[in-house]
2 protein chains.
Amino acid sequence: MTNFDQFLSAAAESMRESAIRKMGSVLAASRDVVSFAPGYPSEAAFAWDEFRTIADDLLSGRRESVLQYGATRGYRPLLEVIVDLMSKRAIETSHERLVVTSGSQQGLDIVGRVLLNPGDVVLVELPSYTGAIAAFRAVGAELVGVRQDADGYDLDALSSTLARLRSDGRRVKFFYTVPNFQNPTGLLVSLAKRLSLLEWAERHDLLIVEDDPYRDLYFSDVTREAETRPLAADDGHDRVIYLSSFSKTLAPGFRVAWLNAAPALVERFEIAKQAADLCNSGLGQQMVNEACRRGVLERQLPRLRTHYQEKRDIMVRALTETLGGALTWELPRGGFFVWARLREPLDGDSLLPFAVARGVIYVMGSAFFVSGQERQYIRLSFSSPSPDRIREGARRLADAISDARAERTAPASPPAEPPSR
Amino acid sequence: MTNFDQFLSAAAESMRESAIRKMGSVLAASRDVVSFAPGYPSEAAFAWDEFRTIADDLLSGRRESVLQYGATRGYRPLLEVIVDLMSKRAIETSHERLVVTSGSQQGLDIVGRVLLNPGDVVLVELPSYTGAIAAFRAVGAELVGVRQDADGYDLDALSSTLARLRSDGRRVKFFYTVPNFQNPTGLLVSLAKRLSLLEWAERHDLLIVEDDPYRDLYFSDVTREAETRPLAADDGHDRVIYLSSFSKTLAPGFRVAWLNAAPALVERFEIAKQAADLCNSGLGQQMVNEACRRGVLERQLPRLRTHYQEKRDIMVRALTETLGGALTWELPRGGFFVWARLREPLDGDSLLPFAVARGVIYVMGSAFFVSGQERQYIRLSFSSPSPDRIREGARRLADAISDARAERTAPASPPAEPPSR
């Protein structure tokens, strides 16, 4: 029998399965589970009819680029669309600063491969997005977290952490941040803090990786669009590598996102993407291109904001009514997530088997921490389930919490079985 | 001004732009160039009408999985299709041995990341596919080539090279091979050699990475289907990691390919793909799935074999008639390429600027060599251009060769400008 362990790379040894994706497998394996786990956009809100018309036009047009290999940087008309879209976000850009990626996950992966050596340090918000953690760890980087306040990362903590790392001789490459409706906390970084961060990066000669998938999904009852102004809009020194995506606004199934950075870096990103997968799907890119050019995206955005704001309200109301104070949270001002704290002695890790047994799943908060043993939180995604399912999920979660509390006073161990329903 | 070099990883420093992709940029920048460079399938042969119907059905059906995120391993019904397709290639497989990748390029990239540490050695055929070279070098591996005979890799050279490397204390992980209509040589490895290679890998405790994109495109005038039997079909010890793709048979624009290996390895490949891009396009996978289930692929294959065989004949005839012995080659028995040797003192590198000036491009053979200074070859791809363009390209190539010869007897330097037409 072949012994495969001897063939594995050190990188492979350090790769870990995503907690979010693992929950996806639980979901796929079971018939009736309410999923608050993956941050999936709502398929009910996709522009199905417009996509159908566009696909028909593209394939009847027999334009070879739809089905052929394409340029690694991306389909040129789509790059033009992205330049326009960026200017609406107050970011002036051009073709030589852009590369289309297969979802922002590929953008994170490419950034990691081009910038990180094993042992390099990446500073991240605590908690931080698991996909970014996975991508940076896959190239052997160490992630060091800095705590967040109600308006995002703590700049003093950032400075003192950097000073400590540098005095230890560590090489710190960049700070990874999701300033708009952060994954998992939903936090919105204040504009003042954004400007301070840019100044801080310049002063300390660091790069910033700004991941911005939720920017268009602000909730107008509590957030003005101006509050979502990206770091990249005020970056005078090319310190910011900016990532955004069509996955949350048009659909993830096209796998179209983009990276924006200084041309000297984008050249490297392009070569890394060449080696990684040659190019994005022509069909996916042209579907997105046409959806933008025909105004589908523009028409979708206000609808999506309303759609997700309503779902947020439904979830928050259901949690309030059903859970009677067992959970606390800040009202999300945009995005897909409620980041909820469990009252002790319960925690997100130990509650999970009870939740699975009751037919509801979430992502345990501990998955988003790169250090410390913070287990009090759970991430609840309201984006994908229907209103009824959100309410049903809240009831099941309440039952799971009751079960877990009852279990604490009884001698038996928690159920370890996969969900029975 | 920010100094970006200080932020680059060692891996980024070793990444090189693909010679094939670079030729693609020349092509995109110019109006009238005959391209024998990239191995693009013929868009005239795509099943446009069937794809149009399938897209319409998929998008009107509003099945969420078409546009949503999906499982990292791949869309389950597509995995079933691949299991069937593999059994037609005499490879018994199952879901736990498969992962769908975004083109075989991503398969190569993932294999490299999971198996290779910096400094590890990969054995390759000489010459070998540039995409594989790029993927393995991107993780810091060293590539060592072994020469080929008319029926493929030289087993004695493979053994002596391995012995030498091991006595030097080098860690050799696998042998990368394209047994069917190799890129770039078009060579078909004999069945006897295939069996010997499996035995050799078992004896020396090595893995084999078998890249098989052209298997279905054998030319029946000179090749029987039985001669394309994959190594993986006779692999009793899970030594073979097998890659294949729908890019050459349905279309590259879907970015759908697959990896087949021992479950213990596929688990790792799955985690690496998670970090790399989460999942393949739902739309792309379901287009391919339906095309297979509706018999489109099966109907296409005999057509494609005829299509490419005819184009091979047209190219070979045009080269024979136009070039009058300036080039020599073996008749390709399948696939996309004529691997042609230039008569000295000309070589593929120094001819290129003359060819570009005349409006024809190819890939210089030196790009496919990982060692040595072999510059006598050029790779001419007959797959994509129309018959008329193939003939026109051969004429231009003849003119370029005349120009280069004339230049050798004159004092001026060769033209370095981009193509004027």
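What you are looking at is a predicted structure, and each value in this text was computed from that prediction instead of being measured. Within every chain, numbering begins at 1; the chains are lettered A, B, ... in the order of the sequence lines, protein sequences first and strands thereafter.
B:D49 touches chain A through backbone and side chain together, each having a heavy atom under 4.5 Å away. Heavy atoms of A:R137 lying under 4.5 Å from chain B are absent altogether. For B:A264, the part lying near chain A is the side chain, with the backbone staying farther off; criterion is any non-hydrogen pair under 4.5 Å. Looking at A:Q6, the atoms closer than 4.5 Å to chain B (heavy atoms on both sides) sit in the backbone and in the side chain alike. Interface remark: A:V139 contributes side-chain atoms only to the contact with chain B (heavy atom separation under 4.5 Å). Contact annotation for A:L115: both backbone and side-chain heavy atoms come within less than 4.5 Å of a heavy atom of chain B. Of the two parts of A:F46, only the side chain, counted from C-beta on, holds a non-hydrogen atom closer than 4.5 Å to a non-hydrogen atom of chain B. Interface remark: A:R73 contributes no atoms to any contact with chain B (heavy atom separation under 4.5 Å). Neither the backbone nor the side chain of B:P118 comes within contact range of chain A, judged by heavy atoms closer than 4.5 Å. Only the backbone of A:N280 comes within contact range of chain B, with at least one heavy atom under 4.5 Å from a heavy atom of that chain.
Ion pair B:D109/A:R113 flagged as a salt bridge, since at least one NZ, NE, NH1 or NH2 atom sits closer than 4.0 Å to an Asp/Glu carboxylate oxygen. Using a 4.0 Å cut-off between charged side-chain N and carboxylate O, A:R52 and B:D56 make a salt bridge. Comment: A:D120 engages A:K173 in a salt bridge, judged by a side-chain N to carboxylate O separation of less than 4.0 angstrom.
Between B:W258 and B:F246, the ring planes lie tilted relative to each other; the angle falls in the 30° to 60° range.
Of the listed residues B:I271, B:V114, B:D277, B:L67, the one with more heavy-atom pairs under 4.5 angstrom with chain A than any other is B:L67. Ranked by non-hydrogen atom pairs under 4.5 Å with chain B, the options A:R76, A:Q285, A:E202, A:Q68 are led by A:Q68. Between chain A and the residues B:S384, B:A11, B:A275, the largest count of heavy-atom pairs under 4.5 Å involves B:A275. The most heavy-atom pairs under 4.5 Å with chain A, out of B:V66, B:V256, B:N117, come from B:N117. The candidate from B:A276, B:S9, B:A12, B:G253 with the greatest count of non-hydrogen atom pairs under 4.5 Å with chain A is B:S9. In terms of non-hydrogen atom pairs under 4.5 Å with chain A, the most contact-rich of B:R255, B:E267, B:E13, B:Q106 is B:R255. Counting heavy-atom pairs closer than 4.5 Å to chain A, the top residue among B:A44, B:S281, B:A134, B:G282 is B:S281.
Taking all atoms of both residues into account, the shortest heavy-atom contact from B:Y69 to A:P41 is CE1-CD, 3.7 Å. Of all heavy-atom pairs between B:P38 and B:S381, the closest is O-OG, 3.4 Å.
Side-chain contact between A:L265 and A:I241 is present, with heavy atoms from C-beta onward closer than 4.5 Å. Residues A:H204 and A:R166 are in side-chain contact: their nearest non-hydrogen atoms beyond the backbone lie under 4.5 Å apart. Contact check for B:Y75 versus B:V100: no side-chain heavy atoms found under the 4.5 Å cut-off. Contact check for B:F175 versus B:L206: no side-chain heavy atoms found under the 4.5 Å cut-off.
The side-chain tip of A:R171 points at the ring of B:F7 from less than 6.0 angstrom away and within 45° of straight on.
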